[in-house]
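Below you'll find the structure, written out as structure tokens, and then a few comments.
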There are 2 protein chains.
Amino acid sequence: MPRKKKDVIDLSYSLSDIWRMLTDVEREKLRNNARVLQFRKNDLIYLEDEWPKDLMCLFKGKVKIYKSGVGGRSQIIRIVRPMQYFGYRAYFAREQYVTAASAFEACTVCMIPMELIEQFLRENGNLALFFIQMLSVDLGIADQRVVSLTQKHVRGRLAESLLFLKESYGLEEDGATINIYLAREDLANLSNMTTSNAIRTLSNFVNERIIAIDGRKIKIIDEERLHKVSRIG
Amino acid sequence: MPRKKKDVIDLSYSLSDIWRMLTDVEREKLRNNARVLQFRKNDLIYLEDEWPKDLMCLFKGKVKIYKSGVGGRSQIIRIVRPMQYFGYRAYFAREQYVTAASAFEACTVCMIPMELIEQFLRENGNLALFFIQMLSVDLGIADQRVVSLTQKHVRGRLAESLLFLKESYGLEEDGATINIYLAREDLANLSNMTTSNAIRTLSNFVNERIIAIDGRKIKIIDEERLHKVSRIG
DNA sequence: ATAGAACTATGTTCTAAAACACAAATATAG
DNA sequence: CTATATTTGTGTTTTAGAACATAGTTCTAT
């Protein structure tokens, strides 16, 4: 499904976070081993139970990391935006993937063999700290998420997701419409609720003039209120 | 509240995971900067919103890492057993703690300044990998936990917690009693349910001859069934 | 040793959210 | 450009689990 990218890509820019920590020798090795792949909307990037091989950096597009749970119900664990790294946790833990990743929309992803990354960071304290920091931030978010998803009510969880999507992917030119085209089901899977509940609650938000919807496009009318609902419910 | 430990402790044994990766110079620095503190039952070890200073290694006792959520309801995020490290995530993420830690029972904890650890691992690839691996494993557990806590029903969540406690702290000499003395409330906070539900469900398990209870002591009678309940509910 | 506090147990009521059902509106493939 | 599949929207029913109430029991601190 994925196809190789033919255009020349400037890795020093696209991988700048990592690039700037490397020596010339390391940069050359990286250039020789990095592959850039294209994925289409809904393509799978990796699967639960696969063995991790590559560090992935999202160059373009939007990716969801999710986990299938009880009775096929799926939970979106985190979403990836361009310039972010993913797919490396399982390798470091010496485990198979416990999550799967798929493309919300057409994506360009850079794949770098994890062996190479591990080799680099054994010698490169800054790079090691970079990964330690990413993992630490993500673990903090995961801890927070456990409490939000289990303790907040439907309204609070959905409001939190909308704000989270806005933070992650930003707004369109009108300064109000969240820049992602999501099915209600994905919104539900992100917020730990049924699709009906996502639809219903979204309608309620519209009636309360907190948001406006036009098909799958969601416009935030009253961000203040949305924050409040996210906190209080 | 915490008191300094007077007895001499063999750090090379108690911190062996880290110790064996260090040079002689590093070991000397570690010895000069490590402090060993005693905590009594229910003592707080660190608090939400505090700035992290030390890497902590639990030498003796049992610790819970928890987070207070909506309406003061508390969620136990993870539990710590002897020889495990904790308290370092927030430092690496350059954040205040998002969790708190307290002692289930009398504990001995070794505190090592995080500045020292960071300094070591910048130069020591193995030590860096050690932390990367711990964080990666914990992040995988957290991802798994989000799904368990949100999708499993009360019975499944409680069964999972009992098995988890058994894995973490082991069994007593009889080969059946879980080696921890927990209030029903803690069991509830671990399993994301109300105390009443923990009590009621525990009673049900007793009636079904899956476990036996004697006060706070829980004996696993039919581990097979417990696994099944954890999966199916 | 004993009073008071905290914990455990169990029954009852209430409610948020899931499950189900179906119609209408949109996407997508041929 | 249709035809079919998928997604969205709403009303209704059901249910798991929270909330509440109260009593008995076991800690724990003085």
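Per chain, numbering begins at 1; letters A, B, ... match sequence-line order.
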Practice prompt. Check whether the side chain of B:R155 and the base of D:dG17 form a donor-acceptor pair under 3.5 Å.
Written response: no
Worksheet, complete the sentence: Picking from D:dG9, C:dT10, D:dT10, the nucleotide nearest the side-chain atoms of B:I199 would be C:dT10
Discussion item. In this structure, how many angstroms lie between the P atom of C:dT15 and the NE2 atom of A:H153, rounded?
Written reply: 12 Å
Discussion item. The side chain of B:R73 is closest to which nucleotide in this list: D:dA18, C:dA19, D:dT8?
Written reply: D:dA18
Discussion item. Output the rounded distance in Å from CG (B:L158) to P (D:dG17).
Written reply: 12 Å
Practice prompt. Would you classify A:R216 as touching base, sugar-phosphate or nothing, given that sugar-phosphate means primed atoms plus P, OP1 and OP2, and contacts are heavy atoms under 4.0 Å?
Written response: sugar-phosphate
Worksheet item: If you draw a 6.0 Å radius around NZ in B:K228, do more than 12 non-hydrogen atoms from other residues or ligands fall strictly inside?
Response: no
Item to complete: Select base, sugar-phosphate, or nothing to describe what A:S203 touches, counting heavy atoms under 4.0 Å on all strands.
Response: sugar-phosphate
Worksheet item: Any cation-pi pair here, A:R89 with A:Y91, using under 6.0 Å and within 45°?
Response: no
Worksheet item: Through what angle, rounded to 10 degrees, does the axis of the helix from C:dA1-D:dT30 to C:dG30-D:dC1 turn between its ends, using five pairs per end?
Response: 70°
Item to complete: Would you mind telling me which of D:dT10, D:dA18, C:dA17 lies closest to the side-chain atoms of B:R157?
Response: D:dA18
Discussion item. OP1 or OP2 of C:dA16 versus the side-chain N and O atoms of A:N197: is any pair under 4.0 Å?
Written reply: no
Worksheet entry | Nearest non-hydrogen partners of B:R157 and B:L149, listed with the distance | CD-O, 3.5 Å
Practice prompt. Verify the neighbour count for atom CD of A:E185: are there more than 12 heavy atoms of other residues, nucleotides or ligands below 6.0 Å?
Written response: no
Discussion item. Can you tell me how the ring of B:Y169 sits relative to the ring of B:F104, calling it parallel under 30°, perpendicular over 60° and tilted otherwise?
Written reply: perpendicular
Discussion item. So, under a plain 3.5 Å distance rule, would you say the side chain of B:R200 forms a donor-acceptor pair with the base of C:dG11?
Written reply: yes
Worksheet item: If each of B:A183 and A:N42 is mapped to the nucleotide of DNA chain C with the nearest heavy atom, which maps nearer the 5' terminus, i.e. the 5' end?
Response: B:A183
Worksheet item: Quick one: is D:dT26 close enough that its OP1 or OP2 comes under 4.0 Å of any side-chain N or O from B:Y181?
Response: no
Worksheet entry | Nearest-0.5 Å distance, CD1 of residue A:I65 to CD1 of residue A:I76 | 10.0 Å
Discussion item. Nearest 0.5 Å, please: how far is CZ in A:R155 from CG in A:L226?
Written reply: 10.0 Å
Worksheet item: If each of A:K41 and A:K152 is mapped to the nucleotide of DNA chain C with the nearest heavy atom, which maps nearer the 5' terminus, i.e. the 5' end?
Response: A:K152
